[in-house]
Amino acid sequence: MEKEEKISGSDDISSRLAVLSSHLITPIPITMSEKEAALAAVPSDSPTIFDKIINKEIPANVVFEDDKVLAFRDISPQAPTHIVIIPKVKDGLTGLSKAEERHCEILGQLLYTAKLVAKQEGLEDGFRIVINDGPKACQSVYHIHVHLIGGRQMNWPPG
């Protein structure tokens, strides 16, 4: 039993360090592999990893789904709660800069879903919504998506 307590104690320390590091003023840079992935990604209407998740070809930890939107936990979370919200139909909307007037309904639906999921996840104290658009914003999947991030104190300015 004492050994188990030491293990969970070290996990607790690691967890505390992670929380403390999230409060640092100096941001921890994104890893090179994420930057490289974003720079290597090419916008297209070809199927993306998100299309495979929508089609249930790749498993995901889904937290919300309706006929228009799917929300699932990010596989590389940047906060205790990090959920990706996507439209089920891309309709040429590879990024926010590609939005047209015809996309207004789905863009609103993505934000409204973020509000619903934030409430479901217990983020009453606040959360952040992020939409990366283009290589300099580290967009690596060209299927518009909203990141819902919360569960810790955010810093300003971001990035």
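Small disclaimer: the values here were computed from a predicted structure and weren't measured. What's counted below: heavy atoms across the whole structure, side chains too, no hydrogens, waters or symmetry copies.
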Quiz item: Hey, quick one: are Leu111 and Leu123 part of the same hydrophobic cluster, counting side-chain heavy atoms closer than 4.5 Å, chains of contacts allowed?
Solution: yes
Exercise. Check Gly95 against Ile144 and note the closest heavy-atom contact, atom names and distance.
Key: C-CD1, 3.9 Å
Quiz item: How about His145 and His147: are their ring centres within less than 6.0 Å of each other?
Solution: yes
Self-check item: For Ala41 against Tyr142, the heavy-atom pair lying closest together
Solution: CB-CE1, 3.6 Å
Quiz item: Are any non-hydrogen side-chain atoms of Leu93 and Ile106 less than 4.5 angstrom apart?
Solution: yes
Quiz item: Same hydrophobic cluster for Phe127 and Tyr112, using side-chain heavy-atom links shorter than 4.5 Å among ILVMFWY?
Solution: yes
Practice problem: Report yes or no: does Arg128 contribute a side-chain atom to a donor-acceptor pair with the main-chain N or O of Asn155 at less than 3.5 Å? | Solution: yes
Quiz prompt | Arg102/Asp91 ion pair, N-O < 4.0 Å | solution = yes
Exercise. Check salt bridge (Lys or Arg N to Asp or Glu O under 4.0 Å) between Lys56 and all other residues, then give those that pass, not counting sequence neighbours.
Key: Glu65
Practice problem: Would you give the length of the straight line joining atom CG of Leu148 to atom OG1 of Thr113, rounded to the nearest 0.5 angstrom? | Solution: 10.5 Å
Self-check item: Rounded distance (nearest 0.5 Å) linking atom CD1 of Ile86 with atom NZ of Lys68
Solution: 15.5 Å
Quiz item: Say you draw a straight line from SG of Cys138 to CD of Glu36; how long is it, rounded to the nearest 0.5 Å?
Solution: 10.5 Å
Quiz item: So, does Glu57 use its side chain to make a donor-acceptor pair with the main chain of Ile49 at under 3.5 Å?
Solution: no
Quiz item: Do Val84 and Leu70 come close enough that some side-chain heavy atom pair is under 4.5 Å?
Solution: no
Practice problem: Answer whether the closest heavy-atom distance between the side chains of Ile149 and Met154 falls below 4.5 Å. | Solution: yes
Quiz item: Does some side-chain heavy atom of Glu121 sit less than 4.5 Å from a side-chain heavy atom of Val63?
Solution: yes
Quiz item: Does a sphere of radius 6.0 Å around CG in Asn55 hold more than 12 heavy atoms from other residues, nucleotides or ligands, not counting ones at 6.0 Å or beyond?
Solution: yes
Practice problem: With the side chain counted from C-beta on, respond yes when His143 and Ile53 share a heavy-atom pair under 4.5 Å apart, and no when they do not. | Solution: no
Exercise. Ignoring hydrogens and angles, tell me if any N or O in the side chain of His82 forms a donor-acceptor pair with the backbone of Gln78 under 3.5 Å.
Key: yes
Practice problem: Give the cluster check for Ile85 versus Leu107: same hydrophobic cluster or not, with ILVMFWY residues linked at side-chain heavy-atom distances below 4.5 Å. | Solution: yes
Quiz item: Shared ILVMFWY cluster between Phe72 and Val69, side chains joined below 4.5 angstrom?
Solution: no
Quiz item: Can you hop from Ile129 to Phe64 via hydrophobic side chains spaced under 4.5 Å?
Solution: yes
Quiz prompt | Student check: side-chain heavy atoms of Val146 and Val130 closer than 4.5 Å | solution = no
Exercise. Could you check if a side-chain atom of Lys90 sits within less than 4.5 angstrom of a side-chain atom of Lys98, using non-hydrogen atoms only?
Key: no
Quiz item: Got a donor-acceptor contact below 3.5 angstrom from the Asp74 side chain to the Ile83 backbone?
Solution: no
Quiz item: What pair of heavy atoms forms the shortest contact from Pro80 to Gly151, and how long is it?
Solution: CG-O, 3.4 Å
Quiz item: How far does CG of Asn132 sit from CG of Leu96, to the nearest 0.5 angstrom?
Solution: 11.0 Å
Practice problem: Not counting sequence neighbours, which residues clear salt bridge (Lys or Arg N to Asp or Glu O under 4.0 Å) with Lys115? List them please. | Solution: none
Quiz item: When rounded to the nearest 0.5 angstrom, what is the spacing between OG1 in Thr81 and CZ in Arg152?
Solution: 10.5 Å
